[in-house]
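Chain letters run A, B, ... following the sequence lines, proteins first, then strands; residues in each count from 1. If you're wondering where the values come from, they're calculated on a predicted model, not measured in any experiment.
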Amino acid sequence: MAKDHTNFFNNVYEVVRLIPHGRVTSYGAIGHYLGSKGSARVVGWAMNASHIMDDVPAHRVVNRAGVLTGKHHFDTVNPMQERLEAEGVIVVNDKIQNLKEVYWDPTEELAL
DNA sequence: AAAGTGACTATCA
DNA sequence: ATGATAGCCACTT
């Protein structure tokens, strides 16, 4: 990836990959950490392309409400919520119940 | 180069 | 409280 025009995606993948086990974050938080708080959609877009990378745990990335908005975008039959539940996250009806307990903000945890 | 799309978020009704 | 609309930034065509 010597090209810079994919740097934004690379940053997203890097942050997502750094999400601790059993933790989740939101698109806006990642976008904000990258310097563009309004780029939540772009983060989601990066996730859409993340399927080419198996090192990107997109199942740990949810929307602001803790809802697994993109669970249907997973190419596999392995549901996002089972994966999250296996990590210790309580997910019901595609929504994280203990979001506040598992929420992980890169701007607070990484930007030190 | 311009227009369209999208796994989001915030605000208004 | 929910539902619809607008704003946002980067990618695709």
If I take atom [atom1] in residue [X] and atom [atom2] in nucleotide [N], what distance separates them, rounded to the nearest angstrom?
| X | N | atom1 | atom2 | value |
| --- | --- | --- | --- | --- |
| A:His32 | C:dC8 | NE2 | P | 15 Å |
| A:Tyr33 | C:dC9 | OH | P | 20 Å |
| A:Tyr27 | C:dC8 | OH | P | 21 Å |
| A:Tyr13 | C:dC11 | OH | C1' | 11 Å |
| A:Ile19 | B:dA7 | CD1 | P | 19 Å |
| A:Asn10 | C:dC11 | CG | P | 12 Å |
| A:Asn7 | C:dC9 | CG | P | 18 Å |
| A:Leu34 | C:dC11 | CG | P | 12 Å |

Quiz prompt | Touch class at under 4.0 angstrom, heavy-atom based, for A:Ala49 against every strand present | solution = nothing
Quiz item: Looking across every strand, which nucleic acid part, if any, lies under 4.0 Å from A:Asn63 by heavy atom: base, sugar-phosphate, or nothing?
Solution: sugar-phosphate
Picking from [options], which would you name as closest to the side chain of [X]?
| X | options | answer |
| --- | --- | --- |
| A:Asn48 | C:dC11, B:dA10, B:dA7 | B:dA7 |
| A:Phe8 | B:dT9, C:dA10, B:dA7 | C:dA10 |
| A:Phe9 | B:dA7, C:dA10, B:dA10 | C:dA10 |
| A:Ser39 | B:dA7, C:dC9, B:dT9 | C:dC9 |
| A:Met47 | C:dA10, B:dT9, B:dA7 | B:dA7 |
| A:Ala58 | B:dG6, B:dA7, B:dT9 | B:dA7 |

Quiz item: Would you say the side-chain atoms of A:Ser26 and A:Tyr103 include a donor-acceptor pair closer than 3.5 Å?
Solution: yes
Exercise. For the pair A:Glu87 and A:Arg60, find out whether any cationic side-chain nitrogen is under 4.0 Å from an anionic carboxylate oxygen.
Key: yes
Quiz item: Between A:Asp94 and A:Lys71, does at least one N-O distance fall below 4.0 Å, as a salt bridge requires?
Solution: yes
Quiz item: Quick one: are A:Tyr13 and A:Asp55 in side-chain contact, heavy atoms under 4.5 Å?
Solution: no
Self-check item: Closest-nucleotide ordering on DNA chain B, the 5'-leading residue of A:Trp45 and A:Arg64
Solution: A:Trp45
Quiz item: Any chance CZ of A:Arg83 has more than 12 other-residue heavy atoms, nucleotides or ligands included, within less than 6.0 Å?
Solution: no
